[in-house]
Amino acid sequence: MTDTDPSLYRGRFAPSPTGRLHVGSLVAALGSWLLARHHGGEWLIRVEDLDPPREVAGAAQVQLDTLAALGMVSDRPVVWQSTRHDLYADALARLLADGHAFECRCSRSDLAAAGGIHRACMATDPARRPAIRLRVPDGTEVSFDDGLQGVVVQRVDREVGDVVLRRADGFWAYQLAVVVDDAGQAVTDVVRGADLLDSTPRQILLQQALGLRTPRYLHLPLIVDADGTKLSKSIASLPIDHDAPLPALRTAWQALGQAATALDGITAVKAAMQVAQREFAPECLPKVTSLAFAAAHNNAAAGAV
Ligand code: GLU
């Protein structure tokens with residue numbers, strides 16, 4: 001079996017080291033891990049450390065430790081995006097050479113009148129350091145069949161515009177790095193949170209421009225507060241305790257639509273993960289993009305075993 005054998009299932013979890021893992025991020029980690037195991041495939045971890053201003057020192061290692069405390073360890077050496085600049089530079093050079101990408105000196109305020117969506121350069125400061133964007137032709141529509149959410153269609157030209165690949169400050173854009181790395185690591189199945197659902201069409205466009213295979217995508221629901229807002233204020237946003245990760249595991253398990261009773265009475269993490277792997281039913285994954293879940297976590301946090 002080679003690295004590019006399409007019959008192989010290879011999933012991944014790709015956290016940004018902006019803080020500790022919480023139940024919300026654990027849903028994506030656990031979901032991708034369970035699906036990879038269910039399919040007899042590999043599961044990889046990639047640290048997306050390309051945005052130093054947003055990073056918290058030491059957070060990546062703490063995230064890896066939290067995953068390890070739950071028995072989720074990368075099947076191959078962890079990939080750190082900060083060591084892969086040459087690969088992103090090569091991809092960008094190809095896109096520029098092929099005419100798929102262009103330099104753009106527009107600032108945010110230049111684009112404000114167009115709602116921030118770039119269709120044509122309107123730069124007012126020719127001396128500004130350029131960003132590089134992917135040209136998205138008029139009428140570009142991308143659709144894909146999400147493994148959970150069904151068919152997603154996006155008019156990328158109107159809804160997103162020309163996609164930033166390298167920012168004016170010199171940092172690589174997530175969209176370029178994720179496409180280069182998913183292909184470079186021969187990921188067959190991208191399983192992640194539904195907050196990235198609307199990024200997928202532009203990633204598919206980039207894959208097409210670079211001549212790369214498009215993986216399968218599956219977007220898991222995001223945990224939100226009871227009032228439907230982002231989970232920042234909810235108990236689900238509390239960091240996972242390394243020494244006692246079971247409550248968080250139970251909450252993530254239930255958020256994935258799995259029978260809470262399967263983990264009843266289990267007090268050891270290793271045993272819980274073994275049962276989770278055995279009992280996981282992908283058909284029960286909730287076909288929604290968000291899930292209000294604070295109450296259930298309260299139960300779990302109260303020690304319901
Ligand atoms: N690094 C991204 C995040 O933490 C996830 C990227 C992905 O899964 O494609 O939100």
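Start at 1 and go down the list; that is how both ligands and their atoms are numbered.
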Aromatic ring proximity Phe171/His85, centre distance under 6.0 Å: no
If every non-hydrogen atom of Ile266 is compared with every non-hydrogen atom of Leu246, which pair is closest and at what distance? O-CD1, 3.7 Å
Using salt bridge (Lys or Arg N to Asp or Glu O under 4.0 Å) as the criterion, list what pairs up with Asp182, not counting sequence neighbours. Arg12, Arg46
Scanning both residues in full, the closest heavy-atom pair of Tyr217 with Gln203 reads OH-OE1, 4.0 Å
Nearest-neighbour protein heavy atom for atom 6 (C) of ligand 1, which is reported as residue plus atom name and distance: Glu48 OE1, 3.2 Å
Considering only the protein, which heavy-atom contact is closest to atom 8 (O) of ligand 1, and what is its distance? Arg12 NH1, 2.7 Å
Shortest reach to atom 10 (O) of ligand 1 by a heavy atom, considering only Leu196, Val190, Val47: Leu196
Of all the non-hydrogen atoms in the protein, which one sits nearest to atom 3 (C) of ligand 1, and at what distance? Ser16 OG, 3.5 Å
Please determine whether any non-hydrogen atom of Gln203 lies less than 4.0 Å from an atom of ligand 1. no
Partner of Asp49 under side chain to side chain contact (heavy atoms under 4.5 Å, CB included), chosen from Ser82, Ser16, Pro15: Ser82
Tell me the closest heavy-atom pair linking Arg10 and Arg76, and the distance in Å. NH2-NH2, 3.2 Å
Under 4.0 Å from one or more heavy atoms of Val178, ligand 1 contributes atoms 9 (O)
Is the CZ atom of Arg158 crowded by more than 12 outside heavy atoms at less than 6.0 Å? no
Which protein heavy atom lies closest to atom 5 (C) of ligand 1, and at what distance to 0.1 Å? Ala14 O, 3.3 Å
Which of the ligand 1 atoms, numbered from 1, are nearer than 4.0 Å to a heavy atom of Arg192: 7 (C), 8 (O), 9 (O)
May I ask whether Tyr174 has any heavy atom positioned less than 4.0 angstrom from an atom of ligand 1? yes
